[in-house]
Amino acid sequence: MTSLRTTLCLSLPIIIALICAGCSPAASSSGDLDIRAGCAVVTATSTMAAAQVVADVRATGCRDSDGRPPSRDDTVDRLAEAVWRSLRLPVDALHVRVLDSTDAHDDSATVLTSEELEARFGPGPPGVVWPVLERGATDGIWFMLPVAYVIVGLGMVRLVRRAGVVVVVFRT
């Protein structure tokens, strides 16, 4: 019975850690965009808007090299250039949002198309724009499937230990 308890004690923290890691809402920067754009936090995610692939970029705490907050247009330009030069796959447009303590209520996005970005910052990533996979409302079931496998496995171990039966399965 001690090995079953040991197995349970070891697997429970791992399962909890996996669940917490998958559901973490903490904001963190995408790669080194924060350093290149001079902002505290920059997040970039690709989404699908109608029939276009859009990179949604949000930045907070942007500062110039002397520590002062830059103008909104300068910040948008720095962010757009940093994101455009770091993309691995092409996008149809960038939606850039700059949030700061002074204009936190202003959540308007500056939209830059791929043609504008290519004219201003040079060619972006090569290739065809592919639509982003959108998650459905029932996709959470696939997250719970490994947890169910662990529970079933532990139940089988308990059953085998009680009954003293060994089951061997051969698969061809």
Side-chain angles (χ1 to χ4, degrees), residues 11 13-150 171:
S11 64
I14 293 171
I15 292 170
I16 291 172
L18 288 173
I19 290 171
C20 291
C23 301
S24 175
S28 63
S29 288
S30 299
D32 66 344
L33 289 176
D34 54 346
I35 296 167
R36 293 190 304 167
C39 298
V41 176
V42 177
T43 57
T45 57
S46 293
T47 58
M48 197 69 191
Q52 292 189 333
V53 176
V54 176
D56 236 351
V57 182
R58 291 179 180 263
T60 58
C62 298
R63 300 280 180 239
D64 275 336
S65 58
D66 58 2
R68 292 182 304 186
S71 70
R72 182 176 176 83
D73 293 336
D74 290 342
T75 306
V76 168
D77 285 345
R78 283 193 311 195
L79 285 166
E81 183 176 10
V83 171
W84 183 248
R85 294 185 188 276
S86 68
L87 287 174
R88 292 187 185 136
L89 298 172
V91 296
D92 292 311
L94 288 181
H95 288 190
V96 181
R97 288 180 173 83
V98 180
L99 304 173
D100 212 353
S101 58
T102 58
D103 61 351
H105 62 280
D106 183 22
D107 193 23
S108 60
T110 303
V111 179
L112 300 165
T113 64
S114 59
E115 291 82 18
E116 290 177 80
L117 293 163
E118 191 167 333
R120 290 174 66 188
F121 307 120
V128 179
V129 179
W130 294 100
V132 180
L133 175 66
E134 291 187 24
R135 290 188 161 201
T138 60
D139 287 347
I141 189 75
W142 296 109
F143 177 72
M144 294 304 294
L145 196 57
V147 175
Y149 283 146
V150 169
R171 202 169 161 186

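All residue numbers in this chain count up from 1 along the given sequence. What's counted below: heavy atoms across the whole structure, side chains too, no hydrogens, waters or symmetry copies.
- Heavy atoms only, all atoms of each residue included: E116 and V111 are closest at OE2-O, 4.1 Å.
- When each of L117, V96, L94 is tested with V83 by the rule side-chain contact (heavy atoms from CB on, under 4.5 Å), just one qualifies, namely L94.
- Minimum heavy-atom separation, F121 to A80: CE1-CB, 4.0 Å.
- Counting heavy atoms from C-beta outward, L112 and R120 have side chains that approach closer than 4.5 Å.
- Looking at D56, L79, V57 one by one, the single match for side-chain contact (heavy atoms from CB on, under 4.5 Å) with R97 turns out to be D56.
- Between the side chain of D66 and the backbone N or O of R68, at least one donor-acceptor pair lies under 3.5 Å.
- Interatomic distance, CG of D77 versus CZ of R72, reported as 12.0 Å (0.5 Å rounding).
- Nearest heavy-atom pair, R78 versus C62, reported as atom, atom and distance to 0.1 Å: NH2-CB, 4.2 Å.
- Remark: the backbone N or O of V54 is not paired with any side-chain donor or acceptor of D92 at under 3.5 angstrom.
- The distance from atom OG1 of T110 to atom CG of D73, rounded to the nearest 0.5 Å, is 7.5 Å.
- Between T45 and R58 there is no side-chain heavy-atom pair separated by less than 4.5 Å.
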